[in-house]
S.K.: 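Structure below; questions to follow.
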Amino acid sequence: MRLSQFHLATVKEVPADAEIASHRLMLRAGMIRRLASGLYTWSPLGLRVLRKVERIVREEMDRAGAIELLMPSIQPKELWEETGRWEKFGGQLLKIKDRKQQEFCYGPTHEEVITDFARNELKSYKQLPINFYQIQTKFRDEIRPRFGVMRAREFLMKDAYSFHLSQESLAETYAAMYQAYVRVFTRLGLTFRAVQADSGAIGGHGSHEFQVLADSGEDTIAFSDGSDYAANLEKAEARAPTASRPAATAPLQKVDTPTQKTIASLASFLGISPRQCLKTLLVRGVNGVVALCLRGDHELNEVKAGKLAELPGAPVLASEEEILAACGTRPGFIGPLGLPDSIPVIVDRDAALMADFVCGGNTYGTHYTGANWDRDTRISRITDLRNVVEGDASPDGHGTLHIARGIEVGHVFQLGQKYAEALHATVIDESGKAQLMTMGCYGIGISRIVAAAIEQRHDAAGIIWPEAMTPWRVAVCVINPKNASAAVNDAAEALYQALSQRGIETVLDDRGLRPGNMFADMELIGIPHRVVVSERGLAAGTLEYRGREESESRTVSQDELFALLA
RNA sequence: CGGGGUAUAGCUCAGUCUGGUAGAGCGUUGCGUUUGGGACGCAAAAGUCGGGGGUUCGAAUCCCUCUACCCCGACCA
């Protein structure tokens with residue numbers, strides 16, 4: 001590509017509300033332009049990168065035996081009513097009407113459509129297993145779109161859906177998809193982790209997320225330094241403590257804590273560590289409120305709590321009125337001692353090992369010190385309720401957990417029969433009977449990968465593309481082409497041709513900008529290799545090369561350059 | 001959904017409190033000087049001040065209203 005024939009549109013300034021590096025750099029490099037909230041145009045430059053990612057994903061899906069198709073982005077209401085998701089999906093579902101007032105949605109995902117396709121197309125067990133995928137634009141009406149294409153409303157996604165007659169067959173395809181994803185992210189040159197994920201309300205047997213590690217990530221993941229164990233924080237199990245509870249030694253005493261409503265203020269007021277305090281949360285349960293107890297330095301894991309039989313779903317903290325009615329005090333002074341028997345006291349495994357602890361006094365402005373389980377108060381149930389923290393033992397018994405931030409770019413999921421059941425997707429088995437199919441689904445956020453890669457790989461000058469994603473591998477920069485001798489321009493042109501003929505994607509910067517502008521642009525848009533052609537070098541018969549991550553350029557011959565790029 | 005903020009030149013933003021000639025930087029166009037790390041000079045084009053309504057002799061500025069966009073929050077005791 002000759003840049004003089006391209007539309008490169010870098011800018012110096014970006015809106016103050018572009019907060020994260022990838023968003024700012026994509027705007028500055030001119031990869032995307034915002035059309036409306038959560039909607040972006042991909043410029044020619046941005047599209048080159050997006051297509052690179054798409055291509056690698058497509059190649060690896062094909063290699064893993066998935067078959068590409070393309071479903072409509074607009075989907076009829078009736079299909080979504082069959083699975084009950086027309087109502088259940090919530091505000092993220094963009095609903096639209098046609099001229100006849102028929103209702104549709106812009107597809108946020110395609111389980112309904114693919115299952116409808118499968119129930120019509122697949123008749124016999126002999127057609128299974130089969131795995132269909134598409135690369136399609138999706139729309140989710142996010143509450144708060146932000147960070148550019150990272151959390152946009154319209155985005156490009158690869159989604160695959162596999163169909164099986166047995167769990168074993170599903171497990172095989174699941175494993176193949178997992179391996180395909182490992183290949184995709186490895187080829188893209190990204191630092192990532194495959195982590196165990198919570199399979200959510202849908203149920204199912206297995207789920208892994210592929211997380212690109214980046215400090216700005218919206219997800220928190222835990223991984224072991226002594227094994228392959230890695231899990232989303234939501235899912236990560238806090239290993240059962242092996243120690244036993246120390247004996248009670250302190251007498252139970254009530255102390256005045258007039259303003260100490262938080263663990264932090266309580267601990268500093270009493271001169272103790274937060275881990276000697278007990279945190280008691282009152283949440284809405286199936287029948288009245290439920291008390292959840294954690295060590296003061298731990299945090300409630302909402303996913304774990306949401307699975308408790310005593311709770312109707314994700315935990316919702318009780319209101320001040322409910323708390324006053326249930327235990328006669330206000331937030332900040334709640335404790336398990338003396339709670340009515342009707343309130344279950346569910347205690348985290350680590351909190352259950354506390355002795356001589358501090359907890360709320362259940363009257364305004366007081367706490368107990370020297371409190372002890374059994375002696376002073378009851379426990380209804382002991383379970384894992386907390387988020388793991390840095391330094392916890394890995395739940396598989398090998399190594400120590402570390403916490404990192406990640407950007408979810410892929411998700412593989414054993415769906416089971418939820419959609420097949422709702423849509424009656426069956427095939428005839430060997431004995432001639434209709435059998436519900438079992439499904440898996442596998443997503444990759446193509447457009448999000450572009451942002452995630454930049455998030456992981458950039459410096460003060462701009463983007464640093466991995467070779468697999470870069471719009472061009474090499475930039476040939478001509479110094480002062482308008483006034484240089486014909487020999488300089490000819491040499492640049494010849495080098496550009498030679499590189500292109502070797503199959504190396506090359507961009508020739510023949511715009512005639514001043515060198516500083518040209519170099520800054522090439523660094524901003526992240527081209528991995530830069531070659532400068534000038535009078536100076538031409539006289540010596542050499543080229544000047546600089547890698548994107550190198551701080552100094554070096555002199556090379558043309559052959560050395562080709563070897564470098566081979 | 002609740003709270004807050006913003007909307008002025010292609011872009012990034014001043015100007016609004018205290019009503020009186022529409023501003024800057026960057027970018028763009030032209031001319032000239034420059035030419036190895038975001039050059040310099042001169043000249044120029046470019047704005048229904050988000051839309052509508054009101055107050056006023058006079059509104060970017062005050063009031064009402066609508067729209068769009070952004071941020072924070074949705075309760076960890």
Side-chain angles (χ1 to χ4, degrees), chain A residues 9-19 23-24 27-28 30 33-39 90-91 143-148 153 257 259-267 274 277-284 289 291-302 304-305 314-324 326-327 329-336 348 351 358-362 364-365 367 385-387 460-462 477-484 488 509 511-524 530 532-538 544 546 551-553:
Chain A
T10 56
V11 292
K12 286 184 185 162
E13 290 172 297
V14 295
D17 52 39
E19 289 180 294
H23 188 194
R24 271 202 303 274
L27 289 169
R28 276 189 58 205
R33 297 285 187 234
R34 196 184 70 88
L35 176 65
S37 178
L39 302 178
I143 298 174
R144 267 186 67 193
R146 56 184 135 173
F147 306 147
R153 293 195 294 176
T257 50
T259 60
Q260 284 67 38
K261 295 183 179 184
T262 64
I263 295 288
S265 63
L266 179 67
C277 301
L278 183 79
K279 181 190 288 190
T280 307
L281 309 174
L282 284 191
V283 299
R284 291 180 186 155
V289 299
L292 304 177
C293 296
L294 297 155
R295 215 169 69 188
D297 57 331
H298 286 154
E299 290 192 346
L300 179 68
N301 181 303
E302 298 195 7
K304 292 173 185 175
V316 179
L317 290 177
S319 67
E320 291 219 13
E321 295 71 33
E322 288 168 315
I323 290 168
L324 201 59
C327 62
T329 188
R330 295 183 206 219
F333 305 100
I334 307 167
D348 179 70
V358 173
C359 66
N362 287 334
Y364 194 80
H367 279 83
L385 280 180
R386 68 175 176 94
N387 284 333
C477 296
V478 195
I479 300 294
N480 199 10
K482 284 169 188 161
N483 296 328
V488 168
D509 194 343
R511 296 175 297 172
L513 295 187
R514 302 169 68 82
N517 290 295
M518 185 164 52
F519 298 157
D521 267 357
M522 292 305 104
E523 281 157 20
L524 174 60
R530 184 185 79 197
V532 174
V533 180
S534 66
E535 301 275 11
R536 190 195 292 174
L538 197 64
E544 183 182 312
R546 179 160 157 191
S551 56
E552 298 291 333
S553 44

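Chain letters run A, B, ... following the sequence lines, proteins first, then strands; residues in each count from 1. We use all heavy atoms of the structure for the numbers below, so side chains are in, but hydrogens, waters and symmetry mates are not.
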S.K.: Could you tell me whether the side chain of A/R530 has a donor or acceptor atom within less than 3.5 Å of a complementary atom in the base of B/G37?
M.R.: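 Yes, a donor-acceptor pair under 3.5 Å.
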S.K.: For a quick check of understanding: with a heavy-atom distance under 4.0 Å over all strands, which category does A/L282 fall into, base, sugar-phosphate or nothing?
M.R.: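 Base contact.
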S.K.: Any sub-3.5 Å donor-acceptor pair from A/K304's side-chain atoms to A/R386's backbone N or O?
M.R.: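 Here the side-chain-to-backbone pair exists.
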S.K.: Describe the nucleic acid contact of A/R546 in one word from base, sugar-phosphate, nothing, applying a heavy-atom distance below 4.0 Å.
M.R.: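 Base contact.
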S.K.: Kindly write out the residues that satisfy ring pair (Phe, Tyr, Trp, His ring centres under 6.0 Å) with A/H367, not counting sequence neighbours, or none if the list is empty.
M.R.: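 By the ring pair (Phe, Tyr, Trp, His ring centres under 6.0 Å) rule, A/H367 matches A/F333.
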S.K.: Using a 4.0 Å heavy-atom cut-off, does A/L294 contact any base of the nucleic acid, only the sugar-phosphate backbone, or nothing at all?
M.R.: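 Nothing, no nucleic acid heavy atom in range.
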S.K.: Can you build the contact string for nucleotides 9-15 of chain B? Use B for base contact, S for sugar-phosphate-only contact, and - for no protein heavy atom under 4.0 Å.
M.R.: --BSS--
S.K.: May I ask you to verify whether the side chain of A/E523 and the base of B/G37 hold a donor-acceptor pair under 3.5 Å?
M.R.: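 It does, because a donor-acceptor pair links the side chain of A/E523 to the base of B/G37 below 3.5 Å.
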S.K.: Taking donor-acceptor contacts at under 3.5 Å, does the side chain of A/D521 reach the base of B/G38?
M.R.: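 Looking at the base of B/G38, it does pair with a donor or acceptor on the side chain of A/D521 (distance under 3.5 Å).
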S.K.: Counting any heavy atom closer than 4.0 Å, what does A/P331 reach on the DNA or RNA strands: base, sugar-phosphate only, or nothing?
M.R.: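 Base contact - A/P331 has a heavy atom under 4.0 Å of at least one base atom.
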S.K.: Which residues pass the salt bridge (charged side-chain N to carboxylate O under 4.0 Å, His left out) test with A/R284, sequence neighbours left out?
M.R.: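 By the salt bridge (charged side-chain N to carboxylate O under 4.0 Å, His left out) rule, A/R284 matches A/E322.
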S.K.: Please report the distance, rounded to the nearest Å, between NE2 in A/H23 and C1' in B/C70.
M.R.: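 My rounded result for the distance is 11 Å.
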S.K.: Looking for any heavy atom pair under 4.0 Å, which part of the strands does A/R34 touch: base, sugar-phosphate only, or nothing?
M.R.: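 Contact class for A/R34: sugar-phosphate only.
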